[in-house]
Protein chains: 2
Amino acid sequence: MIDEQTARERVVSAADRLFYARGVQAVGMDAVRSESGVSLKRIYALFPSKEDLIVAVLRHRTDRWNAGVTDAVDGAGTPRERLLAVFDFLAGWFREDDFRGCAFINVFGELGGGSDRIAEAVREQKESFRRQVADLVRAAGGPGHLAPQLVLLAEGAQTAAAISRDPDMAGHARAAADTLIRCALDDAGEPAAAA
Amino acid sequence: MIDEQTARERVVSAADRLFYARGVQAVGMDAVRSESGVSLKRIYALFPSKEDLIVAVLRHRTDRWNAGVTDAVDGAGTPRERLLAVFDFLAGWFREDDFRGCAFINVFGELGGGSDRIAEAVREQKESFRRQVADLVRAAGGPGHLAPQLVLLAEGAQTAAAISRDPDMAGHARAAADTLIRCALDDAGEPAAAA
DNA sequence: TTGCAAAGAGAACCAACGTTCTCTACTGTA
DNA sequence: TACAGTAGAGAACGTTGGTTCTCTTTGCAA
């Protein structure tokens with residue numbers, strides 16, 4: 001018998017895979033059982049309801065997302081490059097075979113109106129991303145209003161890439177971000193340096 | 001007895017209201033019946049399946065969206081103002097009481113992976129919006145790459161506004177769009193006019 | 001008035017799903 | 001070997017929802 005921690009991880013990661021690929025409501029708990037190899041009885045001992053499982057999946061995905069962004073950013077040099085690295089991270093993600101848009105946006109559209117706990121978990125992820133970007137902007141010496149603008153580009157790229165199936169949306173977002181960053185930094189820091 | 005056209009309109013507009021407010025899968029055909037006042041038998045004569053009804057609702061919403069954008073744009077003067085009017089249109093929408101994000105993005109997250117026809121209807125709306133913006137950019141003398149950048153801002157604003165419940169996302173998007181437009185027009189048209 | 005065709009109300013049907021329950025198999029212990 | 005307790009497999013339960021069917025009503029023509 002596997003221990004509780006292992007069982008929990010297997011269930012969450014199986015559910016994450018299935019929910020992301022097919023949507024939450026389209027996946028029955030029975031599918032989570034066969035994908036995870038953990039019995040229904042055990043699943044319900046770990047997560048009292050499907051809603052609890054969904055929230056756990058969202059939190060797990062938030063952690064993975066934060067780590068992914070942090071990794072990508074840490075590989076870049078200057079503060080400006082670190083900001084743009086966020087969009088390179090998106091570009092790599094959009095090219096993955098199983099890319100199906102932002103899981104948080106998808107779940108919010110599906111269930112956000114009906115479950116406060118789920119809506120809250122989605123909000124937390126978006127808020128933590130906003131903070132990450134705001135920290136990067138601050139480190140680059142950019143003005144406060146730059147962060148939400150870059151966040152909007154990233155959000156838009158995720159939905160547009162999912163719907164259009166065009167992974168180059170990340171390129172468009174990156175180019176726009178580059179322009180916004182240049183304008184903001186040049187206006188604030190060195191007055192009228194580059195064109 | 002109401003005529004076919006009227007019945008169709010009542011069903012589509014009732015379904016639209018319910019789907020948008022609660023999500024598609026959360027709304028049963030019985031709810032559509034009571035909201036529209038059209039019998040189930042008649043509904044199924046007009047729309048052979050729920051999927052057909054969903055597609056009809058999406059097309060109807062596409063028409064309304066296009067008309068709304070066109071109206072907003074037509075009220076503006078210069079080509080540059082006409083581009084920004086798109087974001088003013090968003091700002092008004094985000095402030096509506098029943099705003100719950102972009103219906104197309106919501107439906108795509110919920111069912112886009114499982115139904116090609118629904119995914120296609122969503123794609124058509126996004127593509128028609130992209131064309132609208134591209135036309136405005138061209139009229140303003142902007143470069144081709146500006147349109148997808150503005151579209152990403154609009155898309156991002158819609159999801160961010162829905163999730164964060166902060167209607168000022170439209171303001172952020174508008175400010176970013178203003179910067180992008182200024183940079184693009186100044187780079188292309190008059191070389192280095194404004195800072 | 002009688003008969004008929006169409007339409008509405010809502011029951012019925014069937015499948016899916018979240019959740020719980022039962023029965024069996026297995027583990028460790030005396 | 002006998003036993004107690006636990007866990008898994010999967011059946012069972014109750015609800016919901018998409019779709020169809022039935023029965024009654026209605027409006028109209030002769």
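No experiment lies behind these values; they were computed from the predicted model shown. A, B, ... follow the sequence lines: proteins, then strands. Residue 1 opens every chain.
Taking the six-membered ring where the residue is Trp, A:F99 and A:F94 present tilted rings, their angle falling between 30° and 60°.
Between B:D3 atom CG and C:dA7 atom P there is a gap of 12 Å when expressed in whole angstrom units. The distance between atom CD of B:E4 and atom P of C:dA7, rounded to the nearest whole Å, is 10 Å. For the pair B:R33 CZ and D:dT19 P, the computed distance is 15 Å after rounding to whole Å. Distance CD (A:Q25) to C1' (D:dT16): 12 Å, rounded to an integer number of Å. Rounded to an integer number of Å, the gap from A:D30 CG to D:dG10 C1' is 9 Å.
Side chain to side chain, B:R82 and B:T78 fail the donor-acceptor criterion of an N or O pair below 3.5 Å. For the residue pair A:T62 / A:E124, no side-chain donor-acceptor distance below 3.5 Å is found, with atom types taken as modelled.
Residues that satisfy the side-chain contact (heavy atoms from CB on, under 4.5 Å) test with B:D98, not counting sequence neighbours, are B:E96.
Near-neighbour residues of DNA chain D inside residues 37-57 of chain A, defined by a heavy atom below 4.0 Å, number-ordered: A:S39, A:K41, A:R42.
Within the nucleic acid shown, A:V27 comes within 4.0 Å of sugar-phosphate atoms alone, with no base atom in reach, counting heavy atoms only.
Figure legend: B:R42 and B:F47 shown without cation-pi pairing, the cationic atom not lying both under 6.0 angstrom from the six-membered ring centre and within 45 degrees of its axis.
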Take A:T6 and A:D3 through the side chain to side chain donor-acceptor pair (under 3.5 Å) test and state the conclusion after the steps.
CA-CA 5 Å; A:T6 309; A:D3 66 25; 2.6 Å; yes
